[in-house]
Amino acid sequence: MIEIATKHHMRLGNDSFHLDVDLKVPTKDVTALFGPSGAGKTTLINVISGLLKPDSARIIIDGIVLNDTERMIFEPPNKRRIGYVFQDSRLFPHLSVTENLRFGQRFSSPISSGDKITSRRVYDLLRLEPILNRSVHRLSGGEAQRVAIGRALLANPRLLLMDEPLASLDVERKAEILPFLEEIGQLFGIPIIYVSHSLPEIRRLAKWIAVMDTGKIGAFGPIEQITSRIDLAPLTEAPGGGSVLSADVIGHDAKLFLTYLECEHQQLTVPIIKADVGAPVRVQVRPEDITISLAKPSGLSVLNVLAGQVEHMRDIARSPSVDVLLNIGDQETKVSLWAKVTKLAAERLALKQGMMVYALIKSVSIDRTQIGIG
């Protein structure tokens, strides 16, 4: 467990900013820090890394105290064994790629709970071999970020912090880097705290999400639950937003180019993806892509229909729409699906809490979709 409790006051021009966070993060998988610009995401990870000495803090990683102001403990950044990947690569311009990577190894020490991260493993993962002898001035943006990630990994960190590492890259370069980020945690078992205001990135990479706003954590939990909460819509309702559902591949139809998924004992049909039968996948559904019906429909071209119960409704001020939260699981394992319908439709259907309805899903997207069958 990573325990983070910190308070800090800053002056930003004529404005004041207060960081007040109490958070416990699992030391496995990827945890995303999500929120608008100015929410305090970078300030928080700077406190964790030791780059910022806060007014008060207690930071513990797997029982190792890095910061405790009451006990006057403050481990300097170079002794925390925390890798940090910035938005810009921050490579040393006077050093070659190999020399930049070796700089990370200066702070390396074996991890007692696992295998040492070797140069060979990092080079293979990030495909660095062809560019090792290059000057950093001759690297593309994507190549520079791969080197920066490699440098952080070769320090054998107990924790990896990533501060919007894809924000400065174009769409093509982002697509190049994302698969590497997905493999890091799986291959090396390093917990990652990933800062971003991009929901598509977070859905693809993170298992946990902490939503930040004005220096505080508004919510923390599994990404499927948090992104479907209607009360957090003002923070999470961003481009690429919507519900995230966990599903398993149950079959492929190569002739029709379709893949069949099981989600809460219900079937979804999506364009064919490269994944083995039994493989887990994440499904994203935008609230605007859902139509609600009181009866199970027939004679429609819509392939995906999920039965669910109305859990909650939220009227959107100065808007023709209403948010409807459906539970498509059972009462013990609630699984939320967030729909947005017009107020007129809600009135005509007489929607209310507890009603059983059917969600007609017009469009479904899946992370890591590829043509072909795995």
Side-chain angles (χ1 to χ4, degrees), residues 10 12 30-33 37-54 59 66 75-109 117 119 121-123 125-185 188 190-198 201-202 205:
M10 300 170 63
L12 302 173
V30 178
T31 297
L33 279 180
S37 298
K41 306 183 297 295
T42 298
T43 301
L44 178 57
I45 63 170
N46 282 342
V47 169
I48 298 170
S49 67
L51 294 179
L52 175 62
K53 196 170 185 179
I59 299 172
L66 302 181
E75 200 73 12
N78 63 322
K79 293 186 178 180
R80 295 196 177 200
R81 277 190 43 213
I82 293 178
Y84 199 141
V85 180
F86 299 88
Q87 181 173 328
D88 53 343
S89 62
R90 300 201 187 183
L91 300 177
F92 299 113
H94 61 289
L95 301 180
S96 68
V97 168
T98 299
E99 290 167 333
N100 269 278
L101 292 166
R102 286 175 179 168
F103 183 85
Q105 291 177 303
R106 292 172 54 186
F107 304 100
S108 175
S109 57
I117 299 174
S119 298
R121 295 178 73 192
V122 171
Y123 293 175
L125 170 67
L126 298 173
R127 299 178 190 169
L128 296 175
E129 197 74 43
I131 62 173
L132 289 177
N133 295 322
R134 280 197 208 167
S135 162
V136 296
H137 299 290
R138 296 175 52 220
L139 299 178
S140 69
E143 289 169 339
Q145 281 301 76
R146 278 158 49 199
V147 175
I149 294 167
R151 182 175 63 183
L153 286 173
L154 286 171
N156 248 326
R158 58 167 62 96
L159 169 67
L160 192 58
L161 303 175
M162 293 189 160
D163 188 9
E164 302 201 52
L166 306 183
S168 62
L169 304 179
D170 59 29
V171 174
E172 188 175 347
R173 298 289 83 75
K174 286 182 181 180
E176 171 191 325
I177 297 292
L178 274 168
F180 299 123
L181 298 183
E182 287 175 318
E183 293 186 54
I184 286 173
F188 298 119
I190 302 171
I192 299 172
I193 296 181
Y194 189 92
V195 172
S196 179
H197 58 261
S198 168
E201 282 178 31
I202 288 174
L205 297 173

Go through Phe180 and Ile149 one step at a time and tell me if the side-chain contact (heavy atoms from CB on, under 4.5 Å) criterion holds.
CA-CA 9 Å; Phe180 299 123; Ile149 294 167; 5.7 Å; no
Set of side-chain contact (heavy atoms from CB on, under 4.5 Å) partners for Ser119, sequence neighbours left out:
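For Ser119 the side-chain contact (heavy atoms from CB on, under 4.5 Å) partners, ignoring immediate neighbours, are Gln105, Tyr123, Leu154.
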Restricting to side-chain contact (heavy atoms from CB on, under 4.5 Å), what partner residues turn up for Leu95, sequence neighbours left out?
Phe92, Glu99, Asn100
Between [X] and [Y], what is the shortest heavy-atom contact and its length?
X	Y	answer
Ile59	Arg80	CD1-NH1, 4.3 Å
Leu51	Pro77	N-CG, 4.1 Å
Leu126	Arg146	O-NE, 2.9 Å
Gln145	Asp88	OE1-C, 3.9 Å
Lys174	Leu166	CE-O, 3.0 Å
Tyr84	Ala152	N-CB, 4.1 Å

Are any side-chain N or O atoms of Ser96 and backbone N or O atoms of Asn133, one a donor and one an acceptor, separated by less than 3.5 Å?
no
Interatomic distance, [X] atom [atom1] to [Y] atom [atom2] [nearest 0.5 angstrom]:
X	Y	atom1	atom2	value
Glu129	Thr98	CD	OG1	8.5 Å
Leu52	Ile45	CG	CD1	11.0 Å
Leu161	Phe86	CG	CZ	9.0 Å
Ile48	Ile193	CD1	CD1	4.0 Å

Quick one: salt bridge (charged side-chain N to carboxylate O under 4.0 Å, His left out) partners of Asp170, sequence neighbours excluded?
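None.
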Using a 3.5 Å cut-off and no angle test, enumerate the donor-acceptor pairs between side-chain atoms of residues 137-144 and protein atoms at least two apart in sequence or in another chain.
residue: His137; atom: NE2; partner: Pro93; partner atom: O; Å: 3.4
residue: Ser140; atom: OG; partner: Glu143; partner atom: N; Å: 3.2
residue: Ser140; atom: OG; partner: Glu143; partner atom: OE1; Å: 3.4
residue: Glu143; atom: OE1; partner: Arg134; partner atom: NH1; Å: 3.0
residue: Glu143; atom: OE1; partner: Ser140; partner atom: N; Å: 2.9
residue: Glu143; atom: OE2; partner: Arg134; partner atom: NH1; Å: 3.3

Can you find a heavy atom in the side chain of [X] that is under 4.5 Å from one in the side chain of [Y]?
X	Y	answer
Glu201	Glu164	no
Leu132	Leu101	yes
Ile190	Leu153	yes
Thr42	Gln87	no

Report the C-alpha separation of Ile82 and Leu66 in whole Å, then their side-chain angles, then the decisive distance to 0.1 Å, and conclude whether the side-chain contact (heavy atoms from CB on, under 4.5 Å) test is met.
CA-CA 11 Å; Ile82 293 178; Leu66 302 181; 3.9 Å; yes
List the steps, then state whether side-chain contact (heavy atoms from CB on, under 4.5 Å) holds for Ile192 with Leu205.
CA-CA 10 Å; Ile192 299 172; Leu205 297 173; over 6 Å; no
Thr43 meets the side chain to side chain donor-acceptor pair (under 3.5 Å) criterion, sequence neighbours left out, with none
Using the test ring pair (Phe, Tyr, Trp, His ring centres under 6.0 Å), find all partners of Tyr194 that sit at least two apart in sequence or belong to another chain.
none
Start with the C-alpha gap between Asn46 and Asp163, add the side-chain angles, then the distance that decides, and say whether side-chain contact (heavy atoms from CB on, under 4.5 Å) holds.
CA-CA 10 Å; Asn46 282 342; Asp163 188 9; 5.7 Å; no
